[in-house]
Amino acid sequence: MTVPHWLFGDQLGPHFLAPGGDGPDRDAPVVMVEARSVFRRRRFHRAKAHLVLSAMRHRAADLGDRVTYVRAETYREGLHEAVGDGPLTVRHPTSHAALRFVRSLDGVTVLPARGFLVPHDDFRGWADGQSGRRLLQEDFYRWVRRGHDLLRDGGAPAGGRWNHDHDNREPPPKGARTLGAPAPYRPREDGIDEEVRHDLDRWEREDGIRFVGRDGPRRFPASRREALSALRRFVEHRLAGFGPHEDAMLAADPVMSHSLLSSSLNLGLLDPAECVERAEDAWRAGRAPVHSVEGFVRQIAGWREYVWQLYWYFGEDYRRRNALGHRAPLPEWFLELDADAVTARCLATVLAQVRDTGWTHHIPRLMLLGSHALQRGWDPRAVTDWFHRCFVDGYDWVMVPNVVGMSQYADGGRMTTKPYTSGGAYVHRMSDLCGGCAYRPAERVGERACPFTAGYWAFLHRHRERLAGNPRMARAVGGLDRLADLDELLRAEKERGDGPP
């Protein structure tokens, strides 16, 4: 008898059903479960809930009679309705909690993970072979490039360098409101989206399920066809201009030249191999410069892959790391995405982007939202949960390493070599967000003191003893001794508290 195969809602591409030595049977019936308890337990962004449900229902429509699609309160109830006590296969899930659950079920066989370039065992072999050295992303990235023969020219890295970051950190063009890049792919909603929106309205009205943020027209792909169109649009029209300004920010151009493919990758609609291969093909054909292609390949074959592997390698206790002892709760204005309550133009702009779309690119996440949370001493587990719930591409495996390790430095440096935070000077250099703001990036005290500048120095003072021994932070910490107004700054920061800046 052919054993049914269970598809999670982030395993929606054809590669998850591809038969083979570690795949389900070629004609295996498919089971999908839409569990309301997921949305009842946590308050997700409405646009994220819409995207996930739309993507699941679009996949079910594509599978037709092959799928049994169950809408239930819990996964356990849905599986019982679909297959009773019969056997199932399932791909390795993407969270510790989901893996524990599937392993607790009788008759369920867990197949190896798909949707990533490196198998778990291969990564563990690489990591264990580092002889206790720090697991640097740059070393891992080069190892992946060599192993997959990615973006190489006669055995050497394309363009003569593994890393083209030097060419990809330009501030936005002076005086420009936008980069002028071709528009990204935008999907068109259909009857499935109308049904999803009706159901979400009903859940809020009748079932007490609550969301945060706004659910406007769907902005991200919900089907394989849409995801491929988005990938094609990026590679053919936007990739060439991606690299130089990938770390820049413009108030009127939140998308800039970014790919907007993260949600499609994390839903499983795209496979990372096809994304990096198409980008490399564009370079080889002379349609995109090597520094832009390398920047995109680094995001997928480097950072995304690295984060996925560290999530499993570091283990479940990693999420509880809190090396800096930050315990402050997230304030209501932040939890509610209340951008209108915020005076600081940079933070208000980015918080509004999250409220309206469930997305910003990586620099606003790290150097504005994450940096503010770090400076204020917010509980890293609560910050991780917020990013998970409020971003359309946010999943447990994505956000635990990115927030605990990268953004909040809660692991004390196990993942990164220094805390990622800055004063207003960085924001001013890399964006147009300081123009028209009530605050001034160069001012530390007084009515116009920039909350990021003051917050940066207060953070360094609070953790001076720990950070003074970090070679990458020692010079910055030493700067505290040159601040004649440090006492005034610290008093003002204490009075500011966690109100909106």
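The figures that follow rest on heavy atoms only: side chains count, while hydrogens, waters and symmetry mates do not. Residues: numbered from 1 along the sequence shown.
- Of the charged side-chain nitrogens involved, none lies within less than 4.0 Å of a carboxylate oxygen, so that Arg287 and Glu280 do not count as a salt-bridged pair.
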Side-chain atoms of residues 52-61: list all donor-acceptor pairs with protein atoms under 3.5 Å, sequence neighbours left out, distances to 0.1 Å.
| from | atom 1 | to | atom 2 | distance (Å) |
| --- | --- | --- | --- | --- |
| Ser54 | OG | His58 | ND1 | 3.1 |
| Ser54 | OG | Asp193 | OD1 | 2.9 |
| Arg57 | NE | Glu34 | OE1 | 3.0 |
| Arg57 | NH1 | Glu195 | OE1 | 3.1 |
| Arg57 | NH1 | Asp199 | OD2 | 2.9 |
| Arg57 | NH2 | Glu34 | OE1 | 3.4 |
| Arg57 | NH2 | Glu34 | OE2 | 2.7 |
| Arg57 | NH2 | Asp199 | OD2 | 3.0 |
| His58 | ND1 | Ser54 | O | 2.7 |
| His58 | NE2 | Asp190 | OD1 | 3.4 |
| His58 | NE2 | Asp190 | OD2 | 2.7 |
| Arg59 | NE | Leu12 | O | 2.9 |

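- Taking the charged nitrogens against the carboxylate oxygens, Arg43 and Glu336 do have a contact shorter than 4.0 Å, which makes a salt bridge.
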Would you please test Thr360 and Gln353 for side chain to side chain donor-acceptor pair (under 3.5 Å) and show each step? CA-CA 7 Å; Thr360 66; Gln353 292 167 8; 5.2 Å; no
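- A donor and an acceptor atom, one from each side chain of Asn402 and Trp303, are located under 3.5 Å apart.
- Shortest non-hydrogen contact noted between Tyr409 and Leu324 is O-CG, 4.0 Å.
- A salt bridge links Asp396 to Arg319: at least one charged side-chain nitrogen sits closer than 4.0 Å to a carboxylate oxygen.
- His326 and His463 form a side-chain donor-acceptor contact under 3.5 Å, judged by distance and modelled atom types alone.
- Here Arg214 pairs with Asp356 in a salt bridge; the nearest charged N to carboxylate O distance falls below 4.0 Å.
- Cation-pi contact between Lys48 and Tyr395: present, with separation from the ring centre below 6.0 Å and deviation from the ring axis of at most 45°.
- Looking at His245 and Asn168, their side chains never bring a donor and an acceptor atom within 3.5 Å of each other.
- Checked for salt-bridge contact, Arg298 and Glu305 miss the test: no charged N lies under 4.0 Å from a carboxylate O.
- The aromatic rings of Phe140 and Tyr306 sit tilted, their planes meeting at an angle between 30° and 60°.
- With salt bridges taken as basic N to acidic carboxylate O contacts below 4.0 Å, one links Arg114 and Asp22.
- A donor atom on one side chain and an acceptor atom on the other are found under 3.5 Å apart for Ser262 and Asp393.
- Side-chain atoms of Asp215 and His50 include a donor-acceptor pair closer than 3.5 Å.
- Geometrically, Arg414 engages Phe314 in a cation-pi contact defined by less than 6.0 Å to the ring centre and at most 45° from the axis.
- No side-chain N or O of Ser257 forms a donor-acceptor pair with one of Arg238 less than 3.5 Å apart.
- With respect to the salt-bridge test (charged N to carboxylate O, under 4.0 angstrom), the residues Arg169 and Glu246 do not qualify.
- Residues Val31 and Leu88 come closest through the heavy atom pair CG2-CD2, 4.3 Å.
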I would like to know whether Arg304 and Asn266 meet side chain to side chain donor-acceptor pair (under 3.5 Å); could you show each step before the answer? CA-CA 10 Å; Arg304 181 178 187 269; Asn266 295 350; 3.1 Å; yes
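- Glu294 and Asp165 make their closest contact through OE1-N, 4.4 Å (heavy atoms, listed as atom of the first residue, atom of the second, distance).
- Comment: Asp385 engages Arg42 in a salt bridge, judged by a side-chain N to carboxylate O separation of less than 4.0 angstrom.
- No donor-acceptor pair under 3.5 Å is formed between the side chain of Arg233 and the backbone N or O of Pro182.
- One finds a salt bridge joining Arg197 and Glu189 here, because a Lys/Arg side-chain nitrogen approaches an Asp/Glu carboxylate oxygen to under 4.0 Å.
- Between Asp281 and Arg278, none of the side-chain N atoms (NZ, or NE/NH1/NH2) sits under 4.0 Å from a carboxylate O, so this pair counts as no salt bridge.
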Leu200 and Phe39: CA distance, side-chain angles, deciding distance, side chain to side chain contact (heavy atoms under 4.5 Å, CB included) verdict: CA-CA 10 Å; Leu200 294 176; Phe39 302 102; 5.9 Å; no
